[in-house]
Amino acid sequence: MKTLSLTLAALLATTSLAACGRKTEAPAAPAGPAPAAAPAPAAGGDMAGMDMAPADKMAKGVGVVTAIDKAAGTITLDHDAIPEAGWPAMTMGFKIAPALLDGVAIGDKVAFDLKLHDGSGEVTAIAKQ
């Protein structure tokens with residue numbers, strides 16, 4: 001009987017000491033919509049999945065060509081208001097790829113696409129109207 005009492009006392013002491021080091025678990029959070037996960041970074045430094053900088057946006061305009069400098073890659077347009085840029089009608093110069101100037105001449109009425117960045121624009125497409 002003495003052996004049984006000692007065995008039970010040892011078992012009780014061991015169980016009590018083992019429970020002392022355990023922390024109680026916090027209650028589970030209520031189930032709700034999970035926050036949106038951020039997109040995984042592109043592997044190997046590939047920038048193709050990156051968004052365009054917030055300062056860059058696209059716009060469309062119409063106007064008349066008043067000057068062309070193919071060597072410098074610029075075109076001057078007397079354009080109507082461009083609401084996407086917050087610009088009133090005015091005459092201004094734009095960067096343009098020299099290849100886009102083929103078939104465009106001074107005096108032509110054109111429709112054009114712009115990439116806007118830091119208050120200026122670059123013509124990315126142009127067509128006679």
Side-chain angles (χ1 to χ4, degrees):
M1 177 83 128
K2 192 174 184 183
T3 308
L4 181 60
S5 295
L6 288 175
T7 304
L8 285 174
L11 184 60
L12 182 60
T14 304
T15 306
S16 297
L17 289 174
C20 287
R22 291 188 184 161
K23 295 181 180 177
T24 58
E25 292 183 23
D46 182 12
M47 300 295 283
M50 301 296 293
D51 290 333
M52 190 184 310
D56 291 345
K57 61 182 178 177
M58 302 302 288
K60 294 186 178 290
V62 294
V64 177
V65 178
T66 60
I68 294 174
D69 186 341
K70 196 167 187 175
T74 60
I75 188 168
T76 303
L77 299 169
D78 182 6
H79 64 78
D80 293 345
I82 302 177
E84 297 94 340
W87 294 343
M90 67 177 119
T91 301
M92 64 186 295
F94 297 98
K95 290 189 229 174
I96 187 169
L100 293 176
L101 293 169
D102 294 338
V104 178
I106 294 173
D108 286 346
K109 184 167 183 174
V110 294
F112 56 94
D113 293 345
L114 291 172
K115 180 173 91 172
L116 303 170
H117 181 75
D118 291 335
S120 65
E122 179 177 351
V123 176
T124 59
I126 191 165
K128 285 186 191 182
Q129 284 194 315

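In this text, all values refer to a predicted model and were calculated from it rather than measured experimentally.
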Item to complete: Please list all pairs passing the salt bridge (charged side-chain N to carboxylate O under 4.0 Å, His left out) test where one or both residues lie in residues 119-129, with sequence neighbours left out.
Response: Asp108-Lys128
Worksheet item: From Met58 CE over to Leu114 CG, what is the distance, rounded to the nearest 0.5 angstrom?
Response: 7.5 Å
Worksheet, complete the sentence: Between the CG atom in Leu101 and the CD1 atom in Ile126, the distance rounded to the nearest 0.5 Å is 7.0 Å
Worksheet, complete the sentence: Residues at least two apart in sequence or cross-chain that pass salt bridge (charged side-chain N to carboxylate O under 4.0 Å, His left out) with Lys109, listed by chain then number, are none
Worksheet entry | Same apolar cluster (I L V M F W Y, side chains within < 4.5 Å links), Val64/Leu100 | no
Indicate every side-chain donor-acceptor pair of residues 70-95 with a distance under 3.5 Å to a residue at least two apart or in another chain.
from, atom 1, to, atom 2, distance (Å)
Lys70, NZ, Asp102, OD1, 2.4
Asp78, OD1, Thr91, OG1, 3.3

Fill in: From Thr124 atom OG1 to Leu116 atom CG, the distance as rounded to the nearest 0.5 Å
9.5 Å
